[in-house]
Amino acid sequence: MSEPRRLLAGLAPALVVLGATLAGLPLDNYPKYVIAIAIVSIVVGASLVVLVGLARCITLAAGSVMAIGAYTSSLLAIHLGVPYLIGLAAALLTGAIAGWLIALPGTRFRGHNLAMVTLVFQSVCIILIREAKTLTGGAEGIHVPAPSLFGWTVRSDGDFLLLIGVLSALAVLVLTVLVRGAFGKNLQAAAGNEVAAEAFGISVPAYLTAAFVISSVGVAFAGALAAPRVRILDPESYGVMASIFMLAYPIVGGMHSIWGGLLGGGGLRVLPEFLRPVADYQELFFASLVIVVVMFFPGGFVELIRRGVLALRGHPAGPREAPQPAVAGAQAAAAVTPLPAPDGAAPLLVVEGVDRHFGALHAVNAAHLTVPVGGIHGLIGPNGAGKTSLFNIVSGFLAADAGRVAFDGTSLLELAPRDRIRLGITRTFQHVAVFGQLSCLDNVIIGRGRNGVLAAIGQSVDEMRSGPLTARARGEALAALDAVGLADLAGMPAGALSLGNQRRLEIARAIVSDPRLILLDEPVSGVAEAEIEELRALLLRINAERRIAMLVVEHNIPFVARLCRSLSVMGAGAIVAEGTPADVIAMPAVRQLYFGEDVAA
Amino acid sequence: MRRGPLHRIALALAAAALASTVAPSAMAQEAGVSDTEITIGAIGALTGPIAFIGTPGRDGMTLAIDEINAKGGVCGRKLKLNFEHASTPAESLAAVKKLVEQDKVFALVLASGSTGAAAAADYVRQVGVPTYNLYGSTPIIREPFSKNVFHGAIVPVEVAAPGLIGLFYDDGHKPQKIGVLAGTYAFPQATLKAVEAHLKSKKIDYALEQFDQSARDFTSQLVSFGRQKVDSVLILGSFSEAGFAIKQARELGMANIRWVLDGSAVSRAIVPIIGNADGIRGYFNNPAFPGQNDTVREFEARLKKQLGSMPQGRPNNYDMIAYGSTYVIADAITGTGCQLTRDKFLASWSSLKNAGPKTMGGLDVSFPESFTETDHQGNYRLGAAVVKNGEWQVYRVIERP
Amino acid sequence: MAELALVLIAGAKFGAIYALAALGLVVVHKATKTVNFAHGAFAMLGAFSSYLVVVHWQWPYWMAYVLTPPLIGVVAALIEFLILRPLRRADMFTVVIATVFLGIALSEAFRLTYNTELLAVPGMFVGMPFVFHGVFMTQETLWVIAGALVICVACVLLFRYGRLGRGMRAMASNVRGAQLCGYSVDRVYMFAWFLGGAMAGLAGVFVAPVSGVSVELSIAIISAGFVAGVIGGFDSLKGAILGGLLLGVSESLAAAYVSSALKNCISFLLLFVVLMWRPEGLFPETVARRV
Amino acid sequence: MIPLRVTGLTVSYGRVAAVRDLDLNIAAGEALALLGPNGAGKTSAVEAIAGLLPKRAGRVELFGEDISGLTASAIVRKGLALVPQWRELFPTFSVEETLVAATGAAQGRSPKPLEEIYALFPVLEERRGQLAGSLSGGEQQMLAIGRALVTNPRLLLLDEPSAGLAQGITRSLIQAIIRIRDSGVPILLVEQNMEIARAIGSRCTMLAAGSLAWEGTMDEAIARNEAARVYFGTH
């Protein structure tokens with residue numbers, strides 16, 4: 001995307017809000033009011049896109065969070081005469097605290113339990129607000145004074161529209177930057193595939209907490225903006241039903257883009273004004289609308305509009321893979337043969353005496369293996385031999401009962417999976433774990449690591465200011481894609497790729513951080529025969545050119561034998577044979593392991 | 001500077017005279033008034049938990065307007081009702097702005113709950129539309145006084161509270177200890193504030209227990225009353241809450257309690273909940289209870305005809321108030337001498353004496369209402385009601401307690 | 001003592017209804033791994049059905065108990081077929097949202113057809129209460145506690161020993177294994193919803209004289225049922241019954257001896273504590289269970 | 001009519017093709033071994049035949065009747081029983097209850113009396129009241145086979161019955177399977193262990209990467225060391 005277009009795309013949602021504001025200013029007071037309130041709902045919708053759409057967390061607490069923002073700013077103004085802008089800032093703070101509080105249990109639960117936990121927060125908050133009568137006016141409500149800032153007292157509908165419009169545009173801008181930037185992408189990755197996310201340094205709990213906090217800050221901000229506009233603040237307005245209908249904003253609009261929040265929030269708030277003649281049926285209508293959207297258009301109206309536009313332009317509805325992926329590079333490298341093992345090379349990865357029990361099952365029994373610097377080592381064995389357990393112990397997804405796993409002298413057993421990438425260890429997955437919603441390029445960019453929440457937020461801001469990543473980082477990612485022959489598909493959503501190409505993408509994502517070791521978990525499982533050879537050539541080339549060591553777990557022995565310089569064979573949890581592929585395969589013990597001892601007699 | 005009543009009347013007269021001379025007949029007609037129609041706007045909740053207030057509001061008003069129009073309308077024009085759904089403050093503001101600025105209604109009726117009405121009232125004070133608050137009793141709607149906002153059948157909480165407590169002493173009853181059972185939501189809390197103030201000022205000992213909206217289990221509250229030897233209980237809440245509380249008290253063996261209910265709970269629908277509800281008291285905002293006399297029975301028949309079928313518990317307070325109040329508005333319009341300007345209308349409204357359905361041939365189901373320049377509370381009367389043989393009856397009228 | 005007994009009886013009365021509500025919720029969840037947030041709305045429809053039978057048509061009271069469960073069961077099975085089956089491959093998130101809004105749609109549809117704050121339904125028994133040392137218990141209370149609990153136990157037995165119950169348990173335990181035993185996923189799921197709906201309907205019939213029929217009933221039943229289910233360990237039928245009783249009694253005790261205004265907080269507090277510290281519930285069916 | 005005829009079976013998980021265009025037949029009274037390395041698609045093939053996995057393409061006939069479009073539960077009721085690789089038992093069911101649970105699948109045919117199952121696996125009778133989840137691995141495998149037999153199958157699919165079991169138990173399992181075969185129930189056996197496969201089956205089909213790699217008799221397969229070629233890509 002060209003520089004001005006990219007900047008425009010980032011600014012567009014905020015500009016739409018500003019545009020609506022300006023368009024509303026010459027209108028009558030009633031449309032001005034409705035636009036102002038709809039803009040507040042847009043902020044709510046956009047905030048919930050972060051939590052509901054990207055993090056895929058259900059919240060039934062949006063109403064209470066909005067109440068927290070509204071009461072914070074209003075009560076400060078009423079009781080302490082705090083200026084409006086400072087009240088707003090305080091609302092951001094209390095919103096953040098509320099989000100953090102919800103996240104404490106919120107990161108532990110999914111689905112119905114999360115719905116209930118947030119409902120608890122919602123109900124308790126509203127009860128507390130209601131019972132703190134002297135402070136909040138209780139259930140009867142309290143008058144909110146007209147806000148004033150820098151000597152300007154906001155009274156008229158036009159003033160309010162201007163104030164709400166400008167501040168909301170700012171909020172939408174911030175949310176757009178986060179949603180479209182690295183933060184949003186990483187959050188989608190975390191929600192889409194926790195295991196893969198953790199493997200590339202994305203801490204799922206940290207991201208989910210951030211999602212709760214950011215969306216709560218947004219919703220609380222919206223609450224503080226709206227409070228003086230509606231004049232009367234009462235707990236009932238922020239009850240469970242309000243929460244449920246706010247949850248509908250991102251769902252109906254479209255959960256996966258900021259536009260969905262805009263469309264859902266604004267649309268669902270404005271629609272009742274047009275449905276006034278049939279107001280009796282409005283709640284039934286909205287509830288049915290959500291069910292219909294969930295069942296038939298999970299992408300919401302944004303997706304519907306997008307498809308409509310594509311259909312009008314004559315494009316096919318879904319994203320399609322380009323007919324010929326660029327595999328020429330890989331084919332050219334097919335002649336590459338394994339590097340000779342460097343003599344006396346120091347071992348890069350050392351596994352010693354690793355034990356793991358599952359109940360009575362001794363899944364891994366004093367297993368050992370080494371991978372030399374720049375070497376390719378294979379781990380094979382029949383089903384149930386313990387390969388996957390050992391692999392998971394090395395990659396950090398399974399704890400060992402005993403033993404030692406050291407990478408270049410550093411013990412790995414205490415490290416969380418997400419910390420391995422810093423040491424220079426990455427991996428691929430048996431069941432391809434690409435982040436399907438993200439483009440191939442974004443998948444690879446995540447593979448660069450440095451995916452801490454704060455770093456990602458900072459990076460999101462940088463991207464907005466100076467383009468998507470620095471030229472260097474982008475170049476690295478493109479180079480990695482090019483290395484696996486996917487450069488032409490950089491912009492394609494990863495979920496739309498063929499399995500073979502998804503495996504390539506995983507390899508690109510694994511090499512972009514310049515690791516010293518890649519753990520390959522069944523890299524050709526399910527891949528068509530023709531592509532297996534290409535993948536082997538690709539891996540050999542990467543090993544040769546980038547000197548990345550590899551540990552491969554694989555069932556396809558012909559493939560492993562032609563890829564690796566050394567093999568370990570596992571049976572019943574223990575390493576039963578080691579050596580060069582040819583030697584190992586010839587061993588009677590290995591054959592017996594695979595074809596069985598004569599137990600039938 | 002203190003202004004005496006004479007001074008005010010003189011001012012009003014002067015203003016009226018000025019208005020009649022300055023406004024020539026050729027001048028554009030007032031908002032909401034055409035040659036054939038006068039548009040009245042109203043808001044109330046048609047969906048959600050307080051739809052049971054808004055829907056009767058709409059139905060009662062529609063019945064009255066249909067009757068008035070059948071007789072030729074007022075000032076040669078038909079009345080037209082624009083009723084908009086709104087329940088929260090935000091929705092109420094949107095609805096009144098739409099009615100005032102887009103539909104340009106001549107007068108506005110608030111048939112909504114307290115908080116919605118409060119947000120709307122705040123706005124109409126600014127724009128000056130003649131506004132009738134039907135159901136809001138709390139100070140947050142009524143204060144500050146504004147010359148274009150009127151209140152009808154529902155008396156302010158400070159007035160209702162002594163009336164309510166007075167019901168404990170009817171028929172020579174001497175309460176030993178009063179228990180107050182109040183809902184934690186908006187309007188019971190407003191009444192509670194006034195009731196507590198009154199009880200304290202009279203140095204009456206009382207026990208307070210509360211319950212959440214739509215509560216169905218009152219055992220613990222009642223047990224606490226039993227422990228404190230409460231023999232008289234005031235319930236502030238809806239008829240359903242009051243009904244189940246009384247039912248449970250009987251089940252707990254709490255006999256011989258004098259029950260007094262807030263006006264909002266005085267409904268026919270409470271009787272089927274309790275079964276034998278005889279002896280339960282409460283105040284009613286109208287002079288007779290549905291079914292009590294021929295006039296009210298006729299009202300019920302007409303409403304049923306209009307609705308097709310009568311939902312359980314209807315007609316209720318809200319149907320009757322909406323019906324009566326619509327006639328009050330019609331009276332006020334007639335009182336302008338058909339010079340349909342807002343100022344004339346406000347002046348006419350402020351000088352209504354004993355207005356209501358009767359003056360225009362409607363059914364006399366509501367107290368007559370009177371207003372002055374300085375007092376926009378149309379009614380101070382409360383009907384003291386009691387259940388006899390399974391039917392509510394208003395047995396005396398409490399005059400300005 | 002009499003006071004405490006009264007509080008406990010009231011707690012048991014609501015607890016028995018919560019147990020019935022939770023049981024239906026758990027049956028559906030156990031067999032289909034779906035939490036039906038529209039369960040409260042089903043109970044509301046059940047209560048409405050008993051209003052129609054008892055008040056509107058003036059039929060004998062027992063007919064409400066006979067007609068309502070199959071009626072609501074069919075409604076639930078239909079909803080499974082029309083909404084849940086197309087969503088079977090969707091994630092939990094989508095299903096939760098669909099049932100939440102389904103509950104609202106059903107409640108609103110009811111409110112539109114019968115616009116009133118509350119429909120009162122008389123009790124099945126109107127005789128003299130039993131009195132024992134100052135402790136009162138009406139026949140209706142006794143019927144609600146005993147009747148609801150008997151039905152709960154019957155349901156547990158059906159689930160334990162009946163053929164369809166066995167099918168549901170098999171499906172709950174291992175979907176593939178159940179299919180290999182000849183149980184059809186479609187039929188078992190539909191039957192589970194039918195049974196869940198029928199239980200909700202029954203809960204509605206029991207609760208109708210106690211709470212009346214109103215839109216609020218739907219929310220009251222689903223939140224109580226859910227909390228009771230979580231306390232019991234969501235997949236345990238016995239747990240649901242014990243959880244319901246425990247919730248009813250602790251709400252009642254808390255309202256009596258802590259604060260009546262904070263009564264609703266108690267159930268939420270209970271839910272929160274159980275979810276955080278014992279996500280497998282207080283009475284789990286199996287020892288180990290993932291959250 | 002031949003008990004099982006599979007033509008052109010293709011199975012895929014999303015974009016992953018697990019089985020491609022597989023044909024196989026089982027004659028009356030015969031036990032066929034389905035062999036091949038891990039990941040070759042053996043389990044996918046039998047699960048697709050039994051209806052647990054959707055078929056991308058292909059036709060499955062049971063005694064001449066097309067069962068390709070049926071669900072797993074309907075296929076069991078037609079008389080094709082699968083003993084799946086992970087046994088798929090109900091941990092909270094007792095042994096007897098597990099067996100009783102499967103009786104409903106024998107619609108039209110009468111279910112096999114539990115006594116017959118207990119006669120085949122006496123240890124199950126000893127453990128009849130015990131929960132399935134508390135059985136040893138071998139006993140669980142026996143229960144899984146027993147559960148399939150209760151449905152009185154006309155064809156039995158066994159997916160790696162010996163996986164993870166000790167030798168002694170494997171031996172008695174093999175004896176039991178041979179008795180089932182000899183009672184006239186045709187068997188499709190998925191196996192890794194060549195010797196077990198030879199003990200039970202006379203013919204074998206080898207899969208590699210989802211496709212047919214070799215077909216012939218078990219004796220021939222072992223004599224020609226076909227397995228090493230298919231598994232390791234060497235001779």
Side-chain angles (χ1 to χ4, degrees), chain A residues 52-53 55-60 104-105 108-128 130-131 133 138-139 191-192 239-241 243-245 247-248 250-252 255 278 280-296 298 359, chain C residues 25 29 33-38 41 79 82-87 90-113 115 215 219 222-223 226-227 229-230 234 259 261-276 279 288 291:
Chain A
V52 178
R56 287 192 82 69
C57 291
I58 292 180
T59 177
L60 293 178
L104 286 179
R108 287 183 51 180
F109 300 110
R110 283 285 177 282
H112 57 263
N113 280 340
L114 180 58
M116 280 322 268
V117 168
T118 52
L119 186 63
V120 170
F121 183 87
Q122 160 78 41
S123 308
V124 171
C125 259
I126 296 301
I127 291 174
L128 291 180
R130 199 188 64 201
E131 291 304 309
K133 284 174 207 160
V240 182
M241 290 311 268
S243 288
I244 291 176
F245 279 97
L247 178 61
I251 293 169
V252 171
M255 284 185 280
V278 287
D280 297 47
Y281 301 92
Q282 136 188 336
E283 284 178 30
L284 180 62
F285 172 78
F286 283 138
S288 312
L289 182 66
V290 174
I291 296 173
V292 168
V293 166
V294 160
M295 288 184 68
F296 301 107
Chain C
L25 207 56
H29 181 258
K33 302 280 169 275
T34 304
V35 172
N36 173 22
F37 279 86
I79 281 168
L82 292 176
I83 296 178
L84 277 300
R85 189 166 299 182
L87 290 179
D91 57 3
M92 202 154 140
F93 176 90
T94 308
V95 174
V96 169
I97 285 169
T99 61
V100 164
F101 284 92
L102 175 67
I104 291 175
L106 287 175
S107 301
E108 272 302 303
F110 160 74
R111 204 193 48 70
L112 281 170
T113 49
N115 198 351
V215 174
I219 296 163
I222 182 63
S223 38
F226 190 94
V227 175
V230 168
F234 226 91
S259 158
L262 298 177
K263 185 178 170 189
N264 280 359
C265 278
I266 300 305
S267 68
F268 290 129
L269 195 70
L270 210 54
L271 175 88
F272 194 72
V273 169
V274 171
L275 271 182
M276 290 306 279
V291 182

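As the structure is a prediction and not an experimental result, all values here were calculated from the model. Quick note on labels: first sequence line is chain A, next is B, and so on, each numbered from 1.
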Heavy-atom pair with the smallest gap, counting every atom of C:Ala98 and A:Ile291: O-CG1, 4.0 Å
Top contributor to chain A contacts, counting heavy-atom pairs under 4.5 Å, from C:Ile219, C:Val95, C:Val35: C:Val35
Interchain contact, C:Leu102 with chain A, by part (heavy-atom threshold 4.5 Å): both
Region of A:Val290 in contact with chain C, defined by heavy-atom distances below 4.5 Å: side chain
pair C:Val230-A:Asn113: side-chain heavy atoms closer than 4.5 Å: yes
Segment of C:Leu106 engaging chain A (4.5 angstrom heavy-atom cut-off): neither
Flag side-chain contact, heavy atom, 4.5 Å: A:Glu283 against C:Arg111: no
Side-chain heavy-atom pair A:Phe109, C:Met276 within 4.5 angstrom cut-off: yes
Chain C contacts, top residue of A:Leu104, A:Ile244, A:Leu247, A:Val124 (heavy-atom pairs, under 4.5 Å): A:Ile244
Within-4.5 Å side-chain heavy-atom neighbours: C:Thr94 and A:Arg56: yes
Interatomic spacing from NE2 in A:His112 to CZ in C:Phe234 - rounded to 0.5 Å: 5.5 Å
Which atoms of C:Leu84 approach chain A - backbone, side chain, both or neither, heavy atom under 4.5 Å: neither
Chain C interface, residue from A:Tyr281, A:Phe296, A:Phe285 that has the most non-hydrogen pairs under 4.5 Å: A:Tyr281
Close side-chain approach of C:Phe93 to A:Leu114, heavy-atom, < 4.5 Å: no
Heavy-atom pair of closest approach, residues C:Val96 and A:Ala115: CG1-CB, 4.3 Å
Close side-chain approach of A:Leu284 to C:Leu112, heavy-atom, < 4.5 Å: yes
